[in-house]
Amino acid sequence: MKEHELQHMDEEIRECIACPLSDSRDGAVPGEGPEDARVVFIGEAPGRQEEKEGRPFVGRAGSILNELLSSIDLARDEVYITNVVKCRPPDNRDPTVEEIAECREYLDREIDRIAPAVIVTLGRFAMQAMFRRYGIEAGSIGEERGTIHRVERDGRTLTLIPVYHPAAAIYDPKKKDVLLEDFRTLRRILDEER
Ligand code: URA
């Protein structure tokens, strides 16, 4: 369950008017999951179904994410799932640099509060945001996916794993195999750290 601080942030996000996406959105989509989650998954931005339900990853990409999670016996309700941008960009276009920058504070606060052992970035926008946060130089998603980055923070080790966005698997079955492989890497890390 979410505790006080993240719940309070949900309300801030739903009322946020910091960028023009607040004019076009039908509702904002805060992150979802327990505040003491060991793993945080970060996507790009909500799509139409997510906006409708006010929850992240509940559309087609969400079904793939659910499949990937069950492939490694990870329950959806034990992980935290969020996005770089909390409102849907019109016509599902990419979020702009300005939109990402305006929304940044929410993502930083989520991660600070949860302090997860592992962050899995879904797609290049989340990868770039986390590499910037931890001072890692980013190559392309094709080069970086499946690589493991260890970051020392406040006396703890954080593991960062960039993977393809689950939506990439909708039209390209080869990417699904790569995602399954990278989720097996995640499983191994979680088992090793137990
Ligand atoms: N794609 C994303 O990046 N995030 C969602 O919440 C849904 C689809």
Side-chain angles (χ1 to χ4, degrees), residues 2 6 9-10 12-14 16 19 21-22 24-34 37 39-71 74-111 114 116 118-133 138 140-142 144-146 160-172 175-176 178-180 182-183 186:
K2 276 190 179 176
L6 286 182
M9 200 170 73
D10 286 2
E12 275 180 65
I13 289 170
R14 292 190 206 281
C16 179
C19 86
L21 292 182
S22 58
S24 57
R25 74 168 178 231
D26 238 349
V29 180
E32 173 178 276
V39 190
V40 169
F41 289 87
I42 308 172
E44 179 180 319
R48 190 185 296 281
Q49 192 60 30
E50 286 77 21
E51 175 177 70
K52 208 165 141 195
E53 294 188 35
R55 295 179 56 208
F57 283 97
V58 289
R60 283 179 84 189
S63 307
I64 295 172
L65 178 60
N66 291 345
E67 246 184 81
L68 293 164
L69 289 171
S70 31
S71 76
L74 203 52
R76 183 167 163 135
D77 64 5
E78 69 179 290
V79 303
Y80 190 89
I81 303 175
T82 191
N83 282 300
V84 171
V85 167
K86 313 298 192 225
C87 297
R88 177 177 173 240
D91 304 319
N92 295 341
R93 64 158 170 73
D94 288 346
T96 64
V97 173
E98 292 75 22
E99 289 157 1
I100 292 170
E102 288 295 351
C103 225
R104 181 68 206 226
E105 184 205 326
Y106 295 126
L107 183 59
D108 282 336
R109 279 166 61 195
E110 287 172 296
I111 297 167
I114 297 165
V118 181
I119 295 178
V120 181
T121 57
L122 306 168
R124 72 191 158 100
F125 286 94
M127 176 187 83
Q128 284 161 357
M130 286 305 99
F131 277 25
R132 206 171 311 122
R133 177 179 160 107
S140 70
I141 182 80
E144 300 287 354
R145 55 118 300 250
L160 184 61
I161 315 172
V163 306
Y164 284 131
H165 194 286
I170 295 174
Y171 301 107
D172 185 349
K175 293 241 166 72
K176 173 91 166 279
V178 176
L179 273 160
L180 285 164
D182 293 346
F183 270 64
L186 168 62

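Counting starts at 1 for both ligands and their atoms, following the listed order. The chain is numbered in sequence order, starting from 1.
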Ala45 contact mode with ligand 1 (heavy-atom cut-off under 4.0 Å)
backbone
State, without any angle test, whether Glu32 and Tyr80 hold a side-chain donor-acceptor pair at a distance under 3.5 Å.
no
Any nitrogen or oxygen of Phe57, side chain or backbone, less than 3.5 Å from one on ligand 1?
yes
Quick one: does Arg55 get within less than 4.0 Å of ligand 1, heavy atoms only?
no
Sequence neighbours excluded, which residues qualify as salt bridge (charged side-chain N to carboxylate O under 4.0 Å, His left out) partners of Asp26?
none
Could you check whether any side-chain N or O of Glu50 sits under 3.5 Å from a backbone N or O of Gly59, counting only pairs where one atom can act as donor and the other as acceptor?
yes
Please could you name the atoms of ligand 1 that Pro56 approaches to less than 4.0 Å, counting only its heavy atoms?
6 (O)
With atom 3 (O) of ligand 1 as the reference point, say which of Arg48, Glu32, Glu44 has the nearest heavy atom.
Glu44
Working to the nearest 0.5 angstrom, can you tell me the gap between Glu99 CD and Leu21 CG?
3.5 Å
Is the side chain of Arg25 donor-acceptor paired with the backbone N or O of Arg14 at a distance under 3.5 Å, no angle test?
yes
Does Glu50 reach ligand 1 with a nitrogen or oxygen that is under 3.5 Å from one of the ligand's nitrogen or oxygen atoms?
no
Please list, one pair per line, the donor and acceptor atoms closer than 3.5 Å that link side chains of residues 39-49 to other protein atoms, with sequence neighbours excluded.
unit_1, atom_1, unit_2, atom_2, d
Gln49, NE2, Glu53, OE2, 2.7

What atoms of ligand 1 come within less than 4.0 Å of a heavy atom belonging to Gly43?
3 (O)
